[in-house]
Amino acid sequence: MVARRNVAVVGVALSDCGRVDDATPYALHAQAARRALADASLDRSLVDGFASAGLGTLAPVEVAEYLGLHPTWVDSTSVGGSTWEVMAAHAADAITAGHARAVLLVYGSTARADVRAGRRTGTLSFGTRGPLQFEVPYGHTLIAKYAMAARRHMIEYGTTIEQLAEVAVQARANAALNPEAMFRTPITVDEVLSGPMIADPFTKLHCCVRSDGGAAVLLVAEEYVRDCRTSPVWVLGSGESVSHAAMSEWPDFTVSPAAVSGRLAFERAGVRPAEIEVAEIYDAFTYMTLVTLEDLGFCGKGEGGAFVAKGRLRVEGGELPVNTDGGGLSAQHPGMRGLFLLVEAVRQLRGECGRRQVRRGDGSPPRLAVASGTGGWFCSSGTVVLGAG
C-alpha cells in the first residue's frame with residue numbers, strides 16, 4: 001500500500017488569450033501545457049495523469065494524443081465552468097491515493113475566433129434533449145436563466161441593479177492592473193446600467209466577455225516538489241456539488257451549489273472563510289459573483305449586495321480581493337473558465353502578479369486563497385482551498 005501523500009500545484013500557465021485568430025483549440029492546449037511544465041521545470045515524462053474536457057469526440061484521449069502523453073490515470077468530467085475545480089479535486093485524490101504522481105489539467109478554446117469566422121454561433125442553449133426540452137421551446141436561454149435567478153434575489157432581498165453593476169466595475173478596476181486582460185478601460189456604474197439590454201436585468205457589461213484562450217495546471221505528489229523551480233501551492237481541501245438541470249427543479253434561485261461545495265472545501269481544509277485572503281470566483285455574470293460570495297460564507301444570505309457595494313472586491317484597497325485578474329467580466333472568458341481561476345489563485349499565492357498582486361500588511365503575498373467554479377446555470381460547483389508553501 002502506498003502512503004497517502006500531500007499534493008501541490010507546481011506549474012500554472014495561460015496560452016495566448018483574448019483575440020487569437022490564428023490558432024486551433026489543440027494548439028492552445030499545447031501552448032498552455034508546455035508553459036505549465038516549463039513553469040514547474042519538470043519533464044513531461046513525469047506526467048502520468050491527464051484531465052481535459054470540452055474538445056474532441058473522446059476527450060481527453062484526443063488531446064493527450066495531440067500532446068504526446070500516455071497517461072495511466074485520466075479524467076474527462078464535464079460539468080461546465082466548474083469542471084476544472086472538480087477535476088483538480090479528483091486529481092488530488094488520485095495523487096494522494098498513489099494512483100498518479102503528476103496530473104496535468106489542460107483547457108483551450110477559440111470560442112471568440114469561431115464566432116468571428118462563422119464556424120459557430122453564440123451559445124443560447126446547451127441542447128434540447130432530456131429535461132431541457134421543457135424549457136428551450138419557450139426561449140429560456142442560458143443567459144435568461146441567470147437573469148431570472150438574479151431577479152429573484154433582487155425581489156427576495158432588495159438587492160439593487162447598482163449593486164450588481166458594482167461587481168462589473170470592480171472587476172474592470174482589477175483588470176486595469178493586468179496587462180494581459182482583454183478589457184482594461186475603467187467603467188462606472190452608470191456605464192454598466194446604460195448599456196444595451198441583453199436579458200433583464202442584465203445589460204451588456206453584466207455579462208462576461210467572449211475570448212479565445214487556454215490554461216494548464218500541473219499537480220504533483222509532495223516528493224516531486226523539491227525538483228521544481230517554483231514554490232509549491234498546496235491543495236488544502238476541496239468540495240463539489242450538483243444542484244439541478246431544469247430550473248423548475250431548483251429549490252431556491254438565491255442559493256447556488258457553492259453553498260455545499262464551499263462548506264465541504266473549508267471543512268476539509270480546516271480553514272474558515274474569514275481566513276481567506278484572495279478569492280477567484282466564476283463570473284460569467286455579475287450575479288454569479290454576488291451569490292457565490294454569500295454561499296461561500298463571506299457574507300450572510302441576502303447581504304451580497306451590500307458586501308460588494310463597498311469596494312471590497314478590489315485589489316487596491318479591497319478587504320477581499322476577488323477575481324484579481326479581471327475575471328470573466330473583463331480579463332478573458334473562452335468558455336469553461338474554471339481553470340483560469342486556479343491559475344490566478346496560484347500566481348497570487350506565489351507573489352507573481354505584478355501590479356495586481358494582493359499583499360498582506362507586511363507586504364508579503366497572501367497565504368490562503370479559494371477558487372470556486374460554477375457550471376451550467378448554477379447546476380454544479382467545485383471549490384478548492386489553496387495554501388502557500
Side-chain angles (χ1 to χ4, degrees), residues 4 6-9 49-54 59-60 73-97 99-100 103-107 126 146 149 215-219 233-246 249-252 255-273 276 279-284 288-289 291-298 328 335-346 368-387:
R4 297 181 68 82
N6 294 320
V7 179
V9 178
F50 185 72
S52 182
W73 181 93
V74 296
D75 188 2
S76 60
T77 298
S78 185
V79 285
S82 63
T83 290
W84 307 101
E85 282 67 35
V86 172
M87 281 184 169
H90 295 176
D93 287 344
I95 294 171
T96 297
H99 298 161
V103 178
L104 184 64
L105 282 60
V106 190
Y107 176 68
F126 277 30
Y146 281 104
V217 169
L218 179 65
L219 302 93
V233 169
W234 300 99
V235 178
L236 303 182
S238 63
E240 55 196 84
S241 177
V242 297
S243 177
H244 60 279
E249 300 304 309
W250 189 359
D252 187 342
V255 178
S256 78
V260 176
S261 70
R263 174 179 56 80
L264 293 173
F266 287 129
E267 287 177 354
R268 291 165 180 170
V271 169
R272 295 177 293 109
I276 295 297
E280 308 298 339
I281 293 174
Y282 209 96
D283 63 338
M288 295 176 75
T289 302
V291 77
T292 305
L293 285 166
E294 293 180 348
D295 292 336
L296 291 178
F298 292 115
M336 297 189 292
R337 191 178 179 272
L339 199 53
F340 293 75
L341 308 180
L342 291 167
V343 171
E344 180 67 10
V346 169
L368 290 171
V370 65
S372 188
T374 302
W377 35 98
F378 289 114
C379 304
S380 65
S381 176
T383 302
V384 180
V385 178
L386 299 166

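Throughout, numbering of the chain's residues begins at 1 and tracks the sequence.
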Is it true that a side-chain atom of [X] and a backbone atom of [Y] form a donor plus acceptor pair closer than 3.5 Å?
X    : Y    : answer
T83  : G80  : yes
W250 : C379 : no
Y107 : L339 : no
H99  : D93  : no
W84  : M336 : yes

Evaluate the side-chain proximity of [Y] to [X]: yes if any heavy-atom separation is below 4.5 Å, no if none is.
X    : Y    : answer
W73  : I95  : no
V384 : L342 : yes
P273 : L296 : no

Ignoring hydrogens, what is the shortest heavy-atom contact between [X] and [Y]? Give both atom names and the distance.
X    : Y    : result
W377 : A245 : NE1-O, 2.6 Å
M288 : I281 : O-CG2, 4.4 Å
G387 : L368 : CA-CD2, 4.1 Å
V343 : A216 : CG2-O, 3.8 Å
Y282 : T374 : CB-N, 3.5 Å
V7   : W234 : O-CE3, 3.3 Å

CZ-CG distance between F378 and D252, expressed to the nearest 0.5 angstrom: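 F378 atom CZ to D252 atom CG measures 11.5 Å (nearest 0.5 Å).
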
Under the side chain to side chain contact (heavy atoms under 4.5 Å, CB included) criterion, do F340 and E280 qualify, and how do the steps go? CA-CA 9 Å; F340 293 75; E280 308 298 339; over 6 Å; no

Could you pull out all donor-acceptor pairs under 3.5 Å where a side-chain atom in residues 256-265 meets a protein atom, sequence neighbours excluded?
from, atom 1, to, atom 2, distance (Å)
S256, OG, A258, N, 3.2
S256, OG, D295, OD2, 2.7
S261, OG, S381, OG, 2.7
S261, OG, T383, OG1, 2.8

Dump the intermediate steps for side chain to side chain contact (heavy atoms under 4.5 Å, CB included) on F50 and V106, then the final yes or no. CA-CA 8 Å; F50 185 72; V106 190; 3.7 Å; yes

Which residues pass the side-chain contact (heavy atoms from CB on, under 4.5 Å) test with E240, not counting sequence neighbours?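 Expected list: V86, A89, H90.
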
Option from V346, I276, L236 for which side chain to side chain contact (heavy atoms under 4.5 Å, CB included) with L386 holds: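 Per the side chain to side chain contact (heavy atoms under 4.5 Å, CB included) rule, the option paired with L386 is V346, out of V346, I276, L236.
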
